[in-house]
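Read the structure below first, then the notes.
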Number of protein chains: 2
Amino acid sequence: MDPAGPGIDWLDDIMAEQSLPKAQNRVAEVIIRNPQLASYAEIAEIAARAEVNSSTVVRTAQSLGFLGWPDLQRELRSRYLTKISTEDTLVQHGEHSSPLRAALTRDMENLRLTLEANAPEEVEAAIATLAAAKSILVLGHGSYAAPASVMAHLGATMGYPITLESRGGVHLVSSTNTLGPGDVLVVINIWRSIGQMIAAAEAAHQAGATILTISDMRRGRLAAISEHLLVVPSEGIAFFQSVTATTSVVYGLLAGMQAAHPERSRETIRRSQQLWKDLDIHLD
Amino acid sequence: MDPAGPGIDWLDDIMAEQSLPKAQNRVAEVIIRNPQLASYAEIAEIAARAEVNSSTVVRTAQSLGFLGWPDLQRELRSRYLTKISTEDTLVQHGEHSSPLRAALTRDMENLRLTLEANAPEEVEAAIATLAAAKSILVLGHGSYAAPASVMAHLGATMGYPITLESRGGVHLVSSTNTLGPGDVLVVINIWRSIGQMIAAAEAAHQAGATILTISDMRRGRLAAISEHLLVVPSEGIAFFQSVTATTSVVYGLLAGMQAAHPERSRETIRRSQQLWKDLDIHLD
DNA sequence: ATAATTCTGCAATCATAATTGCAGAGTGAC
DNA sequence: GTCACTCTGCAATTATGATTGCAGAATTAT
């Protein structure tokens, strides 16, 4: 553990590899100790704290392998800005218990577990598959129709060839029938699920489609035929399961899909008015 | 520390005093919706989201009494960023930064803020209203149809007289027309929204129905007629807003509703097989 | 409908932050 | 102690972001 308090592992790591000169070390020190500050402060502020000229700050950033200060700063932001502490919250609100509190803390825990349960490479691979898909079909029944519809809705708005099937029976059959090699079937959170859904997925798998499953089960018939499996806890309060973590995962996939297709993204930005309207950012 | 809690009440307050022109209002709302982003983004980013020229952003800042954008931004940082905690939270996960990670941490933060933004008494009152309702109608359009459908679906399965309306036009009118005293209208996250929706809510209010709003805006025409207002942040990654916190709040309400009606719950348990089937907990 | 007024976008201007060339200070080797 | 080399600060330069004058669009009052 870092004796200086909460530290920046990755920065520490970089620094371990090549040792910096004295002044630059001071700069790094300042950054490590005040990541929050460093994530938005301008060079002069950091320079002052390290009692160093601002050029030295730039050079430190460059020594560490970044293009310059703004580049390092971007990295800092993405790592620290959204950091939160669950314990913090628990302490602040003490024992007071309410249904809302229960739901929120439960879901925070679910999100945390999701973070632990899925390796970044796994996620990247899933995103790559989605990005390369000829077409995408999203299945989600019952409560899980909610995240499924979010995925289909936003994905389509981004320009992806993506559709939703939240119904069963004939509809399910005819939707999955057309799938073949190059197509991707996204199956969202089934719990030992409805037989016809597994059957549909297996048929699609046979036909050459790639299966991507988002589920709370690591094993099972579905897992067996899934090229990619993302695991999400779905424990809820009271009697119901929670789709919160699933929804969040869907956002992560969508963000990755957007990053994966610069050309579509550009197109997206060009049409941002329409996009944002669809996304409910619609202002008047 | 801000006694009113986290978030951007102060901005709301400023806006309440003097009303801004249309474009500037859009800018203000973008800021309120994405305080974290706004605290470090440059003007162009905000301008793009509000679909406005960057000069308008400057002018908005000035209209609100600040010197310019950097000035307003400083205020945002001091009010909002310090909340995130001055002591940095430990980085549990190595250097890898992925879209999933971004989505999850963002949503965890949203949940945390939700916890801070809603007083338990407020929530209890909302639940009491729901529990006493003669009938409940849930409205949610676009992305917000997802949490709305979860609420209607699970609420109905629990035995509540609750229905969903995610469509507009005639459907919206005829659904809201029947509301009167004793009925509750739940409006989920509307952003200054579709005029007809506000109109529908106002009509229902006139007719004596109680309005319960779940929104990311503390003020507005909707807030004005709402008996109960639950505030949820909705900042997302990439281009979209997140419905995660909203979903979680819905679970909280549902849990409270269940606890409020032991007799329905008992009935629920008796029919648990059916319930679980509907809830996707389907066990065999 | 028309005029007065306000608001907005564009593009030029201005301000500020980041970077780098250079000279001198510091450091270590012999 | 001297030389060779690296590092740092200063100041000039470059890049980038914020602001504002102006003309046209939109809105409001009459």
Side-chain angles (χ1 to χ4, degrees), chain A residues 14-15 17-31 34-78 269-274 276-277 281-284, chain B residues 11 14-15 17-31 34 36-78 81 192 195 221:
Chain A
I14 296 180
M15 286 176 59
E17 285 161 28
Q18 92 237 257
S19 70
L20 261 35
K22 217 168 62 181
Q24 298 192 19
N25 238 313
R26 280 217 301 281
V27 174
E29 184 96 345
V30 168
I31 294 172
N34 311 289
Q36 190 96 38
L37 169 78
S39 68
Y40 60 80
E42 55 206 35
I43 273 197
E45 177 74 29
I46 305 298
R49 295 196 179 221
E51 288 171 38
V52 145
N53 187 276
S54 46
S55 43
T56 301
V57 178
V58 176
R59 287 177 182 124
T60 306
Q62 291 168 337
S63 302
L64 292 173
F66 296 90
L67 242 63
W69 172 248
D71 196 33
L72 167 57
Q73 198 173 45
R74 261 190 296 279
E75 187 69 20
L76 281 168
R77 276 182 199 148
S78 70
I269 287 163
R270 204 180 58 70
R271 296 178 314 174
S272 62
Q273 185 165 10
Q274 182 54 40
W276 285 337
K277 188 181 267 170
I281 305 188
H282 193 211
L283 293 160
D284 41 3
Chain B
L11 225 182
I14 295 179
M15 283 177 61
E17 285 161 28
Q18 97 236 249
S19 72
L20 260 37
K22 216 168 66 180
Q24 298 192 19
N25 236 309
R26 283 217 297 280
V27 173
E29 283 172 3
V30 167
I31 294 171
N34 308 289
Q36 185 127 358
L37 170 78
S39 68
Y40 62 80
E42 55 206 34
I43 275 196
E45 178 73 28
I46 305 298
R49 295 198 178 220
E51 290 170 39
V52 147
N53 187 276
S54 46
S55 43
T56 300
V57 177
V58 175
R59 287 178 183 124
T60 306
Q62 291 168 339
S63 302
L64 292 173
F66 297 90
L67 244 64
W69 172 248
D71 197 33
L72 167 56
Q73 200 172 45
R74 258 190 298 282
E75 188 68 20
L76 280 169
R77 287 207 274 251
S78 69
L81 270 185
R192 288 213 121 216
R221 279 169 69 190

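The side chain to side chain contact (heavy atoms under 4.5 Å, CB included) test with B/Val27 is passed by exactly one of B/Val58, B/Thr60, B/Leu64: B/Thr60.
Atom CD of A/Gln24 and atom P of C/dT27 are 15 Å apart (whole Å). Atom-to-atom, CG of B/Asn25 to C1' of C/dT6 comes out at 15 Å; the value is rounded to the nearest Å. Summarising the geometry, the separation between CZ on A/Phe66 and C1' on C/dT19 is reported as 17 Å, rounded to the nearest angstrom. Atom CD1 in B/Ile46 sits roughly 17 Å away from atom C1' in D/dT19 (whole-Å rounding). Atom pair B/Arg74:CZ and D/dA18:C1' shows a separation of 12 Å (rounding to whole Å applied).
In this structure A/Glu42 satisfies the salt bridge (charged side-chain N to carboxylate O under 4.0 Å, His left out) test with no other residue, sequence neighbours excluded. Under the side chain to side chain contact (heavy atoms under 4.5 Å, CB included) criterion, B/Ala38 pairs with B/Ile31, B/Ile46, B/Trp69, B/Leu76, sequence neighbours left out.
Annotation: the span from A/Arg59 atom CZ to A/Gln24 atom CD amounts to 8.0 Å, rounded to 0.5 Å. To the nearest 0.5 Å, atom CG of residue A/Asp71 and atom CZ of residue A/Phe66 are 6.5 Å apart.
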How does protein contact run along nucleotides 10-18 of chain C, one letter per nucleotide 5' to 3', with B for base contact, S for sugar-phosphate only, - for none, heavy atoms under 4.0 Å?
-> B------SS
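Looking only at distances, no side-chain donor or acceptor of A/Gln73 sits under 3.5 Å from a matching main-chain atom of A/Ile43.
No engagement by A/Val57 is indicated, since no non-hydrogen atom pair under 4.0 Å with the nucleic acid exists.
OP1 or OP2 of D/dT27 sits under 4.0 Å from a side-chain N or O of B/Lys22.
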